[in-house]
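Model, not experiment: these values are computed from the prediction.
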Amino acid sequence: MKKSLIFFLTLLTISTISCNSDDDDDATPILIEEAVIGCNDSNALNYNSNADENDGSCIYSKITFYARFNSFNGIPITKIEILVNGEIVGSINNGFIWTNAPGNCSSTGTVSYKFLDGNTIDWNTNMFLANGQLISSSGTKSPNKSTECIKINVTN
């Protein structure tokens, strides 16, 4: 029984080796490297320069819009609408004006927008003044790969 088992295992080993060799005496094993998955968008906060495939885990910065002045040329600002890529994302009403940048990006009276991807956005503001006048401003911004929160003063 032992001799039969040893003979069977020897045959099994020889047949396995011959199946993998393709009758080539100089067969070299091929090493297949597994792809590194992760965030491969260089505009993301969690960018992985070693990632070959994007797994959808990218995290992007956000912009916080704030109003530094409560008037424009001496005329009180009553409301400021914030638009990103043509859509209103929020508004700042009179009474939430900061004389300096807010301490953090989720302060009361600010409007935040979180980037959805690594693309640049267009932003616009509509400042409504107490005399009925409308003042608009605009700009573009890209995600910041090293800072989670980007602050933009909309009343400059």
Please answer whether the main-chain N or O of Trp123 pairs with a side-chain N or O of Lys141 as donor and acceptor at a distance below 3.5 Å.
-> no

For Ile37, does the CD1 atom sit with more than 12 other heavy atoms under 6.0 Å from it, leaving out its own atoms?
-> no

Hey, could you give me the CG/CD1 distance between Leu116 and Ile121, rounded to the nearest 0.5 Å?
-> 10.0 Å

Please collect all side-chain hydrogen bond (donor to acceptor under 3.5 Å, both in side chains) contacts where either partner lies in residues 107-116, sequence neighbours excluded, each pair once.
-> Thr64-Ser112, Asn104-Ser107

Hits for side-chain hydrogen bond (donor to acceptor under 3.5 Å, both in side chains) against Thr147, two or more places apart or cross-chain, chain-then-number order -> none

Is Leu129 reachable from Phe65 through a run of hydrophobic residues whose side-chain heavy atoms are each under 4.5 Å from the next?
-> yes

Pairs meeting criterion ring-ring contact (aromatic ring centres under 6.0 Å, His included) with involvement of residues 135-156, two or more places apart | none

Which residue pairs pass the disulfide bond (SG atoms under 2.5 Å apart) test with at least one member in residues 82-156, sequence neighbours excluded?
-> Cys105-Cys149

Just list the side-chain donor-acceptor pairs under 3.5 Å for residues 44-54, sequence neighbours left out, or say none.
unit_1: Asn46; atom_1: OD1; unit_2: Ile59; atom_2: N; d: 2.8
unit_1: Asn46; atom_1: ND2; unit_2: Ser57; atom_2: O; d: 2.9
unit_1: Asn48; atom_1: OD1; unit_2: Asn50; atom_2: N; d: 2.9
unit_1: Asp52; atom_1: OD2; unit_2: Val36; atom_2: N; d: 3.1
unit_1: Asn54; atom_1: OD1; unit_2: Gly56; atom_2: N; d: 2.9
unit_1: Asn54; atom_1: ND2; unit_2: Asn40; atom_2: OD1; d: 3.3

Cluster link Leu134 to Val111, ILVMFWY, side chain under 4.5 Å = no

ring-ring contact (aromatic ring centres under 6.0 Å, His included) pairs touching residues 135-156, sequence neighbours excluded, are none

Do Phe115 and Asn43 pass the side chain to side chain contact (heavy atoms under 4.5 Å, CB included) test, and can you show the C-alpha distance, the side-chain angles, and the key distance before you say yes or no?
-> CA-CA 10 Å; Phe115 284 93; Asn43 288 325; over 6 Å; no

Qualifying residue for side chain to side chain contact (heavy atoms under 4.5 Å, CB included) with Val154, from Asn126, Ile82, Asn124 = Ile82

Tyr66 meets the ring pair (Phe, Tyr, Trp, His ring centres under 6.0 Å) criterion, sequence neighbours left out, with none

For residues 31-95, the disulfide bond (SG atoms under 2.5 Å apart) pairs (sequence neighbours left out) are Cys39-Cys58

Mind checking what makes side-chain hydrogen bond (donor to acceptor under 3.5 Å, both in side chains) contact with Asn119, not counting sequence neighbours?
-> Asp117

So with a 6.0 Å cut-off around NZ of Lys145, is the heavy-atom count from everything else above 12?
-> no

For residues 127-146, which residue pairs qualify under ring-ring contact (aromatic ring centres under 6.0 Å, His included), counting only residues two or more places apart or in two chains?
-> none

What is the distance from atom CG of Asp122 to atom CG of Asn85, rounded to the nearest 0.5 Å?
-> 5.5 Å

Sequence neighbours left out, what passes side-chain hydrogen bond (donor to acceptor under 3.5 Å, both in side chains) with Ser146? Give chain and number order.
-> Asn144

Do other residues, nucleotides or ligands put more than 12 heavy atoms under 6.0 Å from the CD atom of Glu148?
-> no

Indicate if Ile135 and Leu83 have the same hydrophobic cluster label, given that clusters are the connected sets of ILVMFWY residues with side-chain heavy-atom separations under 4.5 angstrom.
-> no

Within the side chain of Thr155, is there an N or O that forms a donor-acceptor pair under 3.5 Å with the backbone of Arg68?
-> yes

Disulfide bond (SG atoms under 2.5 Å apart) partners of residues 64-98, not counting sequence neighbours, each pair once = none

Rounded to the nearest 0.5 Å, how far does CD1 of Ile80 lie from OG1 of Thr125?
-> 7.0 Å

